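As the structure is a computational prediction, the values presented were derived from the model and not from experiment. Quick note on labels: first sequence line is chain A, next is B, and so on, each numbered from 1.
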Amino acid sequence: MPFDSQQFSEDVYALVRLVPRGRVCTYGAVAKALLEPSRSRLVGWALNRCPDDVPAHRIVNRNGVLTGRQFFGGDTMRVLLKEEGVAVKEHKVVDFKNVFWSPIEDMSCED
DNA sequence: TGAGTGACTGTAA
DNA sequence: CTTACAGCCACTC
């Protein structure tokens, strides 16, 4: 079946909603969890148009940088993470490796 | 129709 | 962790 970017976006939203509070995830981890590791860019593209019920502020790039903060406006993204217990320095997650959450880990019993 | 753009990543050093 | 290079693909003009 052909690749459906619309469906891909829906899958991205569904998976991002699974990210636990106080944790963050990366575009690549999401893409990999959706079995599309090379389409990490589309994850960011999808989150740009995500509905309000998607915790997109929990998604950062591989360096732990809040690259999407400019789309939230002001320091909204940093504040949201802080409220969840994620320390952020300027525009980077503090001890990123420690707060990183892999969706694949949570899928161990899926399917 | 084609060049430019972007909330990116893996690998190597 | 950072920096540099190459690959990636939907969207815009």
Side-chain angles (χ1 to χ4, degrees):
Chain A
M1 72 185 271
F3 176 74
D4 189 333
S5 61
Q6 181 63 59
Q7 183 60 55
F8 181 77
S9 298
E10 293 298 323
D11 290 339
V12 170
Y13 304 148
L15 198 151
V16 172
R17 277 187 278 249
L18 298 179
V19 180
R21 192 167 178 233
R23 290 298 195 93
V24 297
C25 192
T26 71
Y27 303 90
V30 173
K32 189 177 179 69
L34 297 179
L35 307 181
E36 297 288 350
S38 67
R39 290 181 163 92
S40 53
R41 303 193 81 141
L42 301 191
V43 176
W45 175 85
L47 289 178
N48 197 330
R49 296 166 169 73
C50 73
D52 295 336
D53 62 313
V54 177
H57 58 276
R58 292 179 187 155
I59 306 299
V60 299
N61 74 355
R62 76 166 185 217
N63 298 320
V65 179
L66 280 55
T67 43
R69 86 198 124 93
Q70 57 188 301
F71 287 79
F72 280 82
D75 56 345
T76 305
M77 195 169 181
R78 184 184 66 81
V79 172
L80 287 172
L81 287 172
K82 187 178 178 65
E83 288 295 306
E84 299 189 352
V86 179
V88 177
K89 180 69 171 177
E90 292 300 307
H91 59 280
K92 291 182 194 169
V93 176
V94 177
D95 198 1
F96 169 63
K97 200 169 127 175
N98 192 41
V99 297
F100 173 72
W101 175 81
S102 175
I104 305 177
E105 237 178 82
D106 198 64
M107 296 169 100
S108 55
C109 296
E110 292 295 313
D111 189 44

Inter-nucleotide C1' distance (dC8(C), dT5(B)), Å rounded: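 dC8(C) and dT5(B) have their C1' atoms separated by 13 Å.
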Nearest-angstrom distance, P atom, dA7(B) to dA6(C):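 The same atom, P, in both gives a distance of 22 Å.
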Quick one: is dT2(C) close enough that its OP1 or OP2 comes under 4.0 Å of any side-chain N or O from Lys92(A)? yes
Not counting sequence neighbours, which residues clear salt bridge (Lys or Arg N to Asp or Glu O under 4.0 Å) with Glu36(A)? List them please. Arg39(A)
Under the salt bridge (Lys or Arg N to Asp or Glu O under 4.0 Å) rule, collect the residues that match up with Asp53(A), sequence neighbours excluded.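 Checked Asp53(A) against salt bridge (Lys or Arg N to Asp or Glu O under 4.0 Å); matches are Arg17(A).
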Measure the OG1-CE distance between Thr67(A) and Met77(A) for me, rounded to the nearest 0.5 Å.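 Reported to 0.5 Å precision, the distance equals 6.5 Å.
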Summary of protein contacts for nucleotides 4-13 of chain B, nucleotide by nucleotide, where a base hit scores B, a sugar-phosphate-only hit scores S (4.0 Å, heavy atoms): --BBBBBB--
Nearest-nucleotide check on DNA chain C, Ser38(A) vs Gly64(A); residue mapping nearer the 5' end is Gly64(A)
Tell me: [atom1] of [X] to [atom2] of [N], nearest whole Å?
{"X": "Phe96(A)", "N": "dC1(C)", "atom1": "CZ", "atom2": "P", "result": "7 Å"}
{"X": "His91(A)", "N": "dC1(C)", "atom1": "NE2", "atom2": "P", "result": "13 Å"}
{"X": "Glu36(A)", "N": "dC9(C)", "atom1": "CD", "atom2": "C1'", "result": "11 Å"}
{"X": "Phe8(A)", "N": "dC11(C)", "atom1": "CZ", "atom2": "C1'", "result": "15 Å"}

All ring pair (Phe, Tyr, Trp, His ring centres under 6.0 Å) counterparts of Phe100(A), not counting sequence neighbours: Phe96(A)
Does any pair with a residue in residues 70-88 of chain A pass side chain to side chain donor-acceptor pair (under 3.5 Å), and if so which ones, sequence neighbours excluded? His57(A)-Glu84(A), Arg58(A)-Glu84(A), Asp75(A)-Arg78(A)
Side chain of Ser5(A) only, heavy atoms from C-beta on: which candidate in dC8(C), dC1(C), dC11(C) is closest? dC11(C)
Using the side-chain contact (heavy atoms from CB on, under 4.5 Å) criterion, which residues pair with Glu90(A)? Sequence neighbours excluded. none
